[in-house]
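Okay, so here's the structure we're looking at.
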Amino acid sequence: MNKYEELINDNELKEVVNNIENRGINVILVNTRTEALEKIKELIPKNSEISNGGSTTLSEIGFLDYLKANEHGWINLNEEVLKEKDSKKQTDLRRKSVTSEYFLGSINAIAKTGELVACDATGSRVTAYPFAAKNLILVSGINKITSSLEDAIKRVREYVYPLENERAKKAYGFGSTIGKWVIIEREIFKGRTTLILVKEKLGF
């Protein structure tokens, strides 16, 4: 198995969760992707304004399909983004969407010391993470846990980027790039950031 796909044991996981929480980030530990989706439903009140970044993990837990079914009762800002056909207007709407009441996404790596690492090409996803969104809900499989912050960054460069680059080629007809990084080392706004950590392999 690739070292970047390994799942840590429960004792190690307990320590990682504690380290993340000590950085001001709420952690909800669940066993399955189904439980992760149910937790999201519980966390976001009806009529809340939501948006989300592109995420294989959100797709794998069924969140994107749940949004498409349109039975959630939320105000989905991404719908307005996707409806807009003018590229400049769509970009403006996307910028506004990262300031939503609830923003959902994933991360690319977690250091055992508690830092969360995310990266994307344009910043349209990670822009929401540090401050823009009022509430941030992140979902990750425990396969993204690495031994250190240095290894978390290596995970992005050596493992995540090549896979994302190939995905982008198939989806858009052109490759991706390592563009904008966010490292969440500490959350000072109590209750703002929640990590739903799933004891499964999710995303890459």
Side-chain angles (χ1 to χ4, degrees), residues 1-41 43 52-66 103-121 125-126 128-129 136-171 175-185 187 193-204:
M1 179 182 286
N2 187 300
K3 68 176 182 177
Y4 293 126
E5 296 179 350
E6 294 177 358
L7 307 184
I8 65 174
N9 63 49
D10 285 346
N11 286 335
E12 291 177 298
L13 184 57
K14 185 177 179 180
E15 181 181 355
V16 173
V17 169
N18 185 62
N19 289 339
I20 297 171
E21 290 181 332
N22 284 340
R23 295 178 180 276
I25 298 162
N26 299 328
V27 180
I28 299 174
L29 186 62
V30 298
N31 291 311
T32 68
R33 62 193 68 194
T34 302
E35 291 176 30
L37 179 58
E38 291 306 311
K39 284 297 178 184
I40 290 174
K41 295 177 187 179
L43 287 171
N52 66 276
S55 167
T56 300
T57 297
L58 290 183
S59 177
E60 289 177 350
I61 68 169
F63 177 75
L64 301 185
D65 287 337
Y66 181 67
F103 191 93
L104 296 100
S106 187
I107 45 181
N108 301 118
I110 302 169
K112 284 185 178 179
T113 44
E115 298 95 338
L116 310 182
V117 177
C119 179
D120 66 27
R125 175 178 68 124
V126 299
Y129 292 12
L136 179 64
I137 299 175
L138 301 169
V139 184
S140 175
I142 61 172
N143 53 300
K144 297 181 181 180
I145 296 173
T146 63
S147 60
S148 66
L149 178 56
E150 181 182 8
D151 282 341
I153 293 171
K154 283 183 180 179
R155 185 182 195 276
V156 176
R157 294 193 184 279
E158 297 177 1
Y159 178 71
V160 177
Y161 169 66
L163 292 174
E164 172 57 22
N165 191 45
E166 289 305 310
R167 186 203 69 81
K169 287 177 183 177
K170 292 176 182 177
S176 187
T177 186
I178 294 177
K180 312 292 173 62
W181 292 80
V182 166
I183 298 173
I184 303 177
E185 185 158 339
E187 177 59 81
T193 299
T194 297
L195 172 65
I196 300 175
L197 193 54
V198 189
K199 294 167 76 172
E200 289 185 359
K201 180 186 181 298
L202 287 171
F204 49 80

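Inter-residue side-chain proximity for Val160 and Arg155 is flagged as met; some heavy-atom pair is nearer than 4.5 Å. Between Val117 and Val156 there is a side-chain heavy-atom pair separated by less than 4.5 Å. Asn26 is not listed as a side-chain neighbour of Leu195, based on a closest heavy-atom distance of 4.5 Å or more. Under the 4.5 Å side-chain criterion, counting only non-hydrogen atoms from C-beta, Leu104 is in contact with Ile40. Contact of the Leu29 side chain with the Leu13 side chain is registered, since non-hydrogen atoms from C-beta on lie closer than 4.5 Å. Leu197 has its side chain out of reach of Val30: every pair of non-hydrogen atoms, C-beta onward, lies at least 4.5 Å apart. Between Lys14 and Asn18, the closest side-chain pair of non-hydrogen atoms is not below 4.5 Å.
When all heavy atoms are compared, the tightest approach of Ala111 to Val16 is O-CG1, 4.4 Å. The nearest pair of heavy atoms linking Leu58 to Gly53 is CD1-O, 4.0 Å. Residues Gly105 and Tyr129 come closest through the heavy atom pair CA-OH, 3.5 Å. For the residue pair Val126 and Ala118, the shortest heavy atom distance occurs at CG1-CB, 3.7 Å. A pairwise comparison of heavy atoms in Ile178 and Cys119 identifies CG2-SG, 3.6 Å as the closest pair.
The aromatic rings of Tyr4 and Tyr159 sit tilted relative to each other, their planes meeting at an angle between 30° and 60°.
Residue Lys41 places its NZ atom among more than 12 non-hydrogen atoms of other residues, nucleotides or ligands, all under 6.0 Å distant.
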Step-by-step side-chain contact (heavy atoms from CB on, under 4.5 Å) determination, Tyr66 to Ile61: CA-CA 10 Å; Tyr66 181 67; Ile61 68 169; over 6 Å; no
Residue pair Leu136, Ile184: steps toward the side-chain contact (heavy atoms from CB on, under 4.5 Å) verdict: CA-CA 12 Å; Leu136 179 64; Ile184 303 177; 4.2 Å; yes
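To the nearest 0.5 angstrom, Asn52 atom CG is 11.0 Å from Arg125 atom CZ. Distance OG1/Thr193 to CD1/Ile25: 6.0 Å, rounded to 0.5 Å. In this structure, CG on Asp120 lies 8.0 Å from CG on Asn108, to the nearest 0.5 angstrom. Note that the CG atom of Leu202 and the OG1 atom of Thr56 stand 10.0 Å from one another [nearest 0.5 Å]. With rounding to the nearest 0.5 Å, the separation of OG in Ser176 from CG in Leu163 is 11.5 Å.
With hydrogens and angles disregarded, no donor-acceptor distance shorter than 3.5 Å links the side chain of Asn165 to the backbone of Tyr161. The closest donor-acceptor contact from the side chain of Arg157 to the backbone of Pro162 lies at 3.5 Å or more, if one exists at all.
Residues in residues 159-169 take part in these salt bridge (Lys or Arg N to Asp or Glu O under 4.0 Å) pairs, two or more places apart or across chains: Glu164-Arg167, Glu166-Lys169. Residues in residues 27-36 take part in these side-chain hydrogen bond (donor to acceptor under 3.5 Å, both in side chains) pairs, two or more places apart or across chains: Arg33-Glu200. The salt bridge (Lys or Arg N to Asp or Glu O under 4.0 Å) pairs that include a residue from residues 104-114 are Glu12-Lys112, where partners are two or more places apart or lie in different chains. Note on residues 15-25: pairs passing salt bridge (Lys or Arg N to Asp or Glu O under 4.0 Å), not counting sequence neighbours, are Arg23-Glu115. Residue pairs meeting the side-chain hydrogen bond (donor to acceptor under 3.5 Å, both in side chains) criterion with at least one partner in residues 140-152, sequence neighbours excluded, are Thr57-Lys144, Ser106-Lys144, Ser147-Asp151.
Ile107 pairs in a side-chain contact (heavy atoms from CB on, under 4.5 Å) with only one of the listed residues (Leu138, Val182, Ile183), which is Leu138.
In this view, Lys201 satisfies the salt bridge (Lys or Arg N to Asp or Glu O under 4.0 Å) rule with no residue, not counting sequence neighbours.
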